[in-house]
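Proteins get letters first, then strands, A, B, ... in listed order; numbering begins at 1 in each.
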Amino acid sequence: KNQVEQSPQSLIILEGKNCTLQCNYTVSPFSNLRWYKQDTGRGPVSLTIMTFSENTKSNGRYTATLDADTKQSSLHITASQLSDSASYICVVSTGGGNKLTFGTGTQLKVEL
Amino acid sequence: EAGVTQSPTHLIKTRGQQATLRCSPISGHTSVYWYQQALGLGLQFLLWYDEGEERNRGNFPPRFSGRQFPNYSSELNVNALELEDSALYLCASSLGVGGDTQYFGPGTRLTVL
């Protein structure tokens, strides 16, 4: 069964600090992996997308890594800001827009 | 360029009623996806429409149905509402079939009393 597990479930950090969110998946066959940011009450917004051959991809203060051998991905946020408070969702695709497996997300809260 | 839009923003119904949710995709996108996001749970795939046809549906009962119009906008209908149908319903669109990134709308918050 295709599964995407994220950790931690929730995280509280101080503004300016860095943090790393984890995603482990058992989805097969693998097509690509996306990280989405979802603000409370809003739809998810894509941050990064990585295919099998990509190890790392950055989008501003967000850097995603992918280890296709161990089926793990991480999302690193540097110099966190209050606006980073959101749910971060890892999504793995087996190919095709309808073949997505969503993680349950990591709820991040950035405090002063 | 306008993003994916959904209406209404909030919807309150009582058990047994029917709910209709609407979605307009990004201009040029032909695929529309519907997801249910219940409190504390991940997004659950509901339905996928492309070029006016239902291409796939998730593990939901038949009282969840929908359609896609010639202009690619879409409607999700939920009949015989149950309390557990209370959730955020998200619509996403993409440039046709394939592994393209899905762009999500803001969602419709459905509350069943």
Side-chain angles (χ1 to χ4, degrees), chain A residues 1-10 21 23-54 57 59 62 64 66 86-107, chain B residues 3-10 21 23-26 29-51 53-60 68 87-111:
Chain A
K1 181 181 177 184
N2 290 337
Q3 285 188 314
V4 176
E5 296 183 350
Q6 293 187 241
S7 63
Q9 189 172 21
S10 62
L21 314 180
C23 173
N24 297 334
Y25 61 93
T26 58
V27 176
S28 182
F30 176 86
S31 177
N32 57 61
L33 183 148
R34 300 174 173 86
W35 283 92
Y36 280 92
K37 177 187 178 187
Q38 184 178 20
D39 293 313
T40 301
R42 307 287 291 273
V45 175
S46 178
L47 292 175
T48 64
I49 177 172
M50 289 184 292
T51 58
F52 186 87
S53 59
E54 295 175 298
K57 183 164 282 189
N59 178 1
Y62 300 102
L66 174 64
S87 178
Y88 291 84
I89 304 171
C90 175
V91 184
V92 182
S93 172
T94 59
N98 65 320
K99 298 178 182 176
L100 305 181
T101 303
F102 289 80
T104 53
T106 291
Q107 189 66 45
Chain B
V4 177
T5 59
Q6 292 186 244
S7 62
T9 305
H10 295 91
L21 290 63
C23 171
S24 291
I26 292 173
H29 286 192
T30 62
S31 274
V32 171
Y33 311 84
W34 286 96
Y35 296 90
Q36 182 194 68
Q37 188 177 35
L39 194 63
L41 298 179
L43 279 76
Q44 303 294 317
F45 169 71
L46 266 168
L47 290 160
W48 169 37
Y49 292 94
D50 184 71
E51 296 287 356
E53 294 192 12
E54 181 180 303
R55 301 293 184 178
N56 199 13
R57 66 179 294 129
N59 189 26
F60 281 84
Q68 186 179 33
L88 180 68
Y89 288 83
L90 291 164
C91 170
S93 73
S94 71
L95 268 171
V97 178
D100 296 305
T101 300
Q102 294 183 16
Y103 297 85
F104 286 82
T108 292
R109 173 69 63 184
L110 173 64
T111 301

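Counting heavy atoms of neighbouring residues, nucleotides and ligands inside a 6.0 Å radius, atom CZ of A:Arg42 does not exceed 12 of them. Surrounding OH of B:Tyr103 are at most 12 heavy atoms belonging to other residues, nucleotides or ligands under 6.0 Å away.
Heavy atoms closer than 4.5 Å to chain B are found nowhere in A:Gln9, neither backbone nor side chain. Within the 4.5 angstrom heavy-atom criterion, only side-chain atoms of B:Gln37, from C-beta onward, approach chain A. Contact of B:Leu43 with chain A is made through backbone and side chain together, with heavy-atom distances under 4.5 Å.
With respect to chain B, the highest number of heavy-atom pairs below 4.5 Å among A:Pro44, A:Ser46, A:Gly43, A:Gly105 belongs to A:Pro44.
In this structure, A:Gln38 and B:Leu90 approach most closely via the heavy-atom pair NE2-CD1, 3.8 Å.
How far CG of A:Leu100 is from OH of B:Tyr35: 4.5 Å, rounded to the nearest 0.5 Å.
Looking at A:Val91 and B:Gln102, their side chains never come closer than 4.5 Å, going by heavy atoms from C-beta outward.
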